[in-house]
Amino acid sequence: MSDTTIDTIELGEKIVKVLKTIFDPEIPVDIYELGLIYDVFVNEDYDVKILMTLTTPNCPVAETLPLEVEEKVKSLKDVKDAEVEITFDPPWTQDLMSEEAKLELGML
């Protein structure tokens, strides 16, 4: 296993930690546990692409939340660049929430 592989995996873990500090303003749960993050890609150049969704297409933070995600991920020392792609395929449902999120919201 090369150092680059270890570094990108480690960077991926750091990115997830940052994502867990970003909260949906209407729901007191972070966007990662809420199931809004579909995938995080880190290439060998330390460019990051995040595929995420919103709870609804008409989400009030549709303009600001993706920018917040980009800025916080870009703030990581090892990240060269970050891009967020919003998708609604598949659409978000409560089934995408982690057990931790469901517990926090009294759904378990």
> Say you draw a straight line from CD of E100 to CG of D30; how long is it, rounded to the nearest 0.5 Å?
Replying inline: 7.0 Å
>> V48 and side chain to side chain contact (heavy atoms under 4.5 Å, CB included): which single residue from V84, V73, D78 fits?
In response: V73
>> Would you compute the distance between atom CD1 of I50 and atom NZ of K72 and round it to the nearest 0.5 angstrom?
In response: 12.5 Å
> Could you state the interatomic distance from CD1 (I37) to CD1 (I22), rounded to the nearest 0.5 Å?
Replying inline: 7.0 Å
>> On a heavy-atom basis, which atom in E83 and which in E70 lie closest, and how many Å separate them?
In response: CA-OE2, 3.7 Å
>> Does any part of the side chain of L54, heavy atoms only, come nearer than 4.5 Å to the side chain of F88, both counted from C-beta?
In response: yes
> Should V61 and P66 count as side-chain neighbours, where that means a heavy-atom distance under 4.5 Å?
Replying inline: no
>> Are E104 and E33 packed together at the side-chain level, in the sense that at least one heavy-atom pair is separated by less than 4.5 angstrom?
In response: no
> Run the side-chain contact (heavy atoms from CB on, under 4.5 Å) check on V16 and K20 step by step: do they pass?
Replying inline: CA-CA 6 Å; V16 168; K20 287 185 173 193; 4.0 Å; yes
>> So does D47 get a backbone contact from the side chain of D45, meaning a donor-acceptor N/O pair under 3.5 Å?
In response: no
> Does a side-chain heavy-atom distance below 4.5 Å link L19 with M52?
Replying inline: no
> At what distance, to the nearest 0.5 angstrom, does CD1 of I15 lie from CG of L76?
Replying inline: 6.5 Å
> Can you name the closest pair of heavy atoms from T21 and F23 and give their distance?
Replying inline: O-CD1, 3.6 Å
>> As a quick check of understanding, evaluate side-chain contact (heavy atoms from CB on, under 4.5 Å) for M97 and V29, giving each step before the final call.
In response: CA-CA 10 Å; M97 294 169 56; V29 175; 5.6 Å; no
> Counting heavy atoms not belonging to K49, are there more than 12 under 6.0 Å from its NZ?
Replying inline: no
> About how many Å separate OG1 of T55 and CD of E26, when rounded to the nearest 0.5 Å?
Replying inline: 6.5 Å
>> Determine whether a donor-acceptor pair (N or O, by modelled atom type, separation under 3.5 Å) exists between the side chain of T53 and the backbone of T87.
In response: yes
>> If you count every heavy atom of other residues, nucleotides or ligands that lies below 6.0 Å from K74 atom NZ, does the total exceed 12?
In response: yes
> Rounded to the nearest 0.5 Å, what separation is found between the CG atom of L51 and the CG atom of L36?
Replying inline: 11.5 Å
> Do you know which two heavy atoms are closest between L108 and E99, and how far apart they sit?
Replying inline: CD1-OE1, 3.3 Å
> Where do Y38 and W92 come nearest, in terms of heavy atoms and distance?
Replying inline: OH-N, 3.6 Å
